[in-house]
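The sequence lines fix the lettering, A, B, ..., with proteins before strands; numbering per chain opens at 1.
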Amino acid sequence: MKIATFNVNGINGRLVRLLEWLEEARPDVACLQETKTQDANFPHAALKDAGYGAIWSGQKSYNGVAILARGREPMEVRRGLPGDPDDLHARYLEAMVDGVLVASLYLPNGNPQPGPKFDYKLAWFARLHAHARHLLEQRVPAVLAGDYNVVPTDQDIYNPASWLDDALLQPESRAAYRDLLAQGWIDAIRDRHPEDFTIYTFWDYLRNRWPRNAGLRIDHLLLSPDLRARLVDAGVDRDVRGREKASDHAPAWVVLR
DNA sequence: ATGTCGAGCAAAGCTCGA
């Protein structure tokens, strides 16, 4: 069972690229972020034609998440992260697929920091901690996949020097990510590639960052502890970032036995 | 500060968020 996460940066603007990748990579489940469209304009018919059932949670212009499942319909179990009824951002969706609970999450970017956007990021992280702990208590196999907007360590970026003031590298952001791992969640890519410090999932459009491989690892798949024994592979479809009209993110994935 | 995208608004370049 292959589960992927991909920040598409506009699902309608990238639809050709998304369909191309689905056909090549053939994930059983694909968690998408930054669909950037309201629900009425989500391209579910094109995805269905490509063989994927889908659930989606969007809003106009910003954010938006979805879960695709090959050859079946994802069974939605949660829409929105609990803990703040006033938070209307479309950033969290959960489904059951083949006995695995899969979440597609888009954690707030948090820039500029300090400020209200960074406060929102940390508050969202705190809500994620509470919910993630709840999921572990349920003892259901679970994968929390998405754009976490956190570079976990200095080994997960080409060079931290020009990002030191960025919300993605702040000690508070990193501590929040570490706290998830401390609950027992497994960072699948790092688990499978403990010594490879050139794995990235995001390359900014600015400043020639793709051609010089100036990337960051910010898209993560966190596995519940019971899935460790089923983890057989994990990786990043790096070449996707180099194509025409590419998203600034590349898909990351795991294969579970 | 730089400079690159998608999307919205509205009809061409601007603004916003990333």
I'd like to know if [X] pairs up with [Y] as an ion pair, taking the criterion as any Lys NZ or Arg NE/NH1/NH2 lying under 4.0 Å from an Asp or Glu carboxylate oxygen.
| X | Y | value |
| --- | --- | --- |
| A:Lys245 | A:Glu20 | no |
| A:Arg209 | A:Asp248 | no |
| A:Asp196 | A:Arg217 | no |
| A:Arg70 | A:Asp28 | yes |

If you measure from the [atom1] atom in [N] to the same atom in [M], how many Å do you get, rounded?
| N | M | atom1 | value |
| --- | --- | --- | --- |
| B:dG3 | B:dA7 | P | 24 Å |
| B:dT4 | B:dA10 | C1' | 23 Å |
| B:dT2 | B:dT15 | P | 14 Å |

Can you tell me the distance, in whole Å, between the [atom1] atom of [X] and the [atom2] atom of [N]?
| X | N | atom1 | atom2 | value |
| --- | --- | --- | --- | --- |
| A:Trp210 | B:dC5 | CH2 | P | 14 Å |
| A:His249 | B:dT4 | NE2 | C1' | 13 Å |
| A:Asn7 | B:dC5 | CG | P | 15 Å |
| A:Glu34 | B:dC16 | CD | P | 17 Å |
| A:Lys121 | B:dG17 | NZ | P | 16 Å |
| A:Asp165 | B:dA18 | CG | C1' | 17 Å |
| A:His89 | B:dC16 | NE2 | C1' | 13 Å |
| A:Phe6 | B:dG6 | CZ | P | 13 Å |

Tell me whether the OP1 or OP2 atom of [N] has a side-chain N or O from [X] closer than 4.0 Å.
| X | N | answer |
| --- | --- | --- |
| A:Lys245 | B:dG6 | yes |
| A:Lys60 | B:dC9 | yes |
| A:Arg14 | B:dG6 | yes |

Using the side chain to side chain donor-acceptor pair (under 3.5 Å) rule, take A:His129 and A:Asp179 through it: C-alpha gap first, then chi angles, then the decisive distance, then the call.
CA-CA 8 Å; A:His129 288 151; A:Asp179 286 347; 4.7 Å; no
Please determine, for the side chain of [X], which listed nucleotide ([options]) has the closest atom?
| X | options | answer |
| --- | --- | --- |
| A:Leu206 | B:dG6, B:dT4, B:dA7 | B:dT4 |
| A:Arg91 | B:dA18, B:dG17, B:dG3 | B:dA18 |
| A:Ser61 | B:dA7, B:dG17, B:dA18 | B:dA7 |
| A:Lys117 | B:dG6, B:dT4, B:dA18 | B:dA18 |
| A:Lys36 | B:dA7, B:dT2, B:dA18 | B:dA7 |
| A:Tyr205 | B:dG3, B:dG8, B:dC5 | B:dC5 |

Closest-nucleotide 5' rank along DNA chain B - winner of A:Thr37 and A:Asn111
A:Thr37
In terms of the nearest nucleotide of DNA chain B, which residue is placed more toward the 5' end: A:Asp248 or A:Asn41?
A:Asn41
Which is true for A:Asn149 with a 4.0 Å heavy-atom rule: it touches a base, it touches only sugar-phosphate, or it touches nothing?
nothing
What does A:Phe202 touch in the nucleic acid at a heavy-atom separation under 4.0 angstrom: a base, only the sugar-phosphate, or nothing?
nothing
Around atom CZ of A:Arg26, are there more than 12 heavy atoms from other residues, nucleotides or ligands closer than 6.0 Å?
no
